[in-house]
Amino acid sequence: MANQNLDALDRKILDLIADNARIPFLEVARICNVSGAAIHQRIQKLTNIGILKGSYFVVDPEKIGYETCAFIGLYLKDPESFDVVVKELEKIPEVVECHYTTGGFDMFIKIYAHNNHHLLEIIHDKLQPLGLSRSETIISFHSAIDRQLPVSLSTT
């Protein structure tokens, strides 16, 4: 999607709600010095054009028993099977991201597992049957930075 033309009010609204999705619209209106109705209209516009993709709570995987975060580069036996493999990856709840990439990997995924033993089970029992020639796993010890892209960096 091409860059959208955002004015200063759009950017301010996006900065505020990206920082705290639970901020009341009336609080956003007060900070932006506009009416609550104006905020509702802008939020609706930003949603309709696809800039806002919803709001949700972020669950801490570790707090619910998923202590291992891993990134896995997948090499497919048949690179033309991307679409089929993606559909199968969607069925694996531990897979939380899947990216098509440049470089050596055909795909790059992020998964959460309860521990290293569970990670091995996922790789062996759920990923290998998808038609992998091989995979490379990187275990993350800790996410030092985890944030949204600041709207203020946008050049539109």
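Numbering of residues begins at 1 and proceeds along the displayed sequence.
- Rounding to the nearest 0.5 angstrom, the gap separating the CD atom in Glu88 from the CG atom in Asp83 is 12.0 Å.
- With respect to Ile111, the side-chain contact (heavy atoms from CB on, under 4.5 Å) criterion is satisfied by exactly one of Leu119, Thr137, Val96, Leu89: Leu119.
- Residues Leu46 and Ile51 meet the side-chain proximity criterion, which asks for heavy atoms closer than 4.5 Å.
- Here Lys87 does not pair with Glu90 in a salt bridge; the nearest charged N to carboxylate O distance is not below 4.0 Å.
- In this structure, the separation between NE2 on His117 and OG1 on Thr68 is 12.0 Å, given to the nearest 0.5 Å.
- Of the options Thr101, Val85, Ile72, a side-chain contact (heavy atoms from CB on, under 4.5 Å) to Met107 is made by Val85 and by none of the others.
- His99 meets the ring-ring contact (aromatic ring centres under 6.0 Å, His included) test with no other residue; sequence neighbours excluded.
- Going from atom SG of Cys32 over to atom CD1 of Ile39 covers 4.5 Å, rounded to the nearest 0.5 Å.
- Annotation: the span from Gln44 atom CD to Asn48 atom CG amounts to 4.5 Å, rounded to 0.5 Å.
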Show every donor-acceptor pair shorter than 3.5 Å between a side-chain atom in residues 126-133 and any protein atom, with sequence neighbours excluded, or say none if there are none.
residue: Lys126; atom: NZ; partner: Glu94; partner atom: OE1; Å: 3.2
residue: Lys126; atom: NZ; partner: Glu94; partner atom: OE2; Å: 3.4
residue: Ser133; atom: OG; partner: Tyr75; partner atom: O; Å: 3.2

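- Within a 6.0 Å sphere centred on CG of Asp7, other residues, nucleotides and ligands contribute more than 12 heavy atoms.
- Counting heavy atoms of neighbouring residues, nucleotides and ligands inside a 6.0 Å radius, atom CD of Glu97 exceeds 12 of them.
- More than 12 heavy atoms of other residues, nucleotides or ligands lie within 6.0 Å of OH in Tyr100, so this atom counts as buried by the packing criterion.
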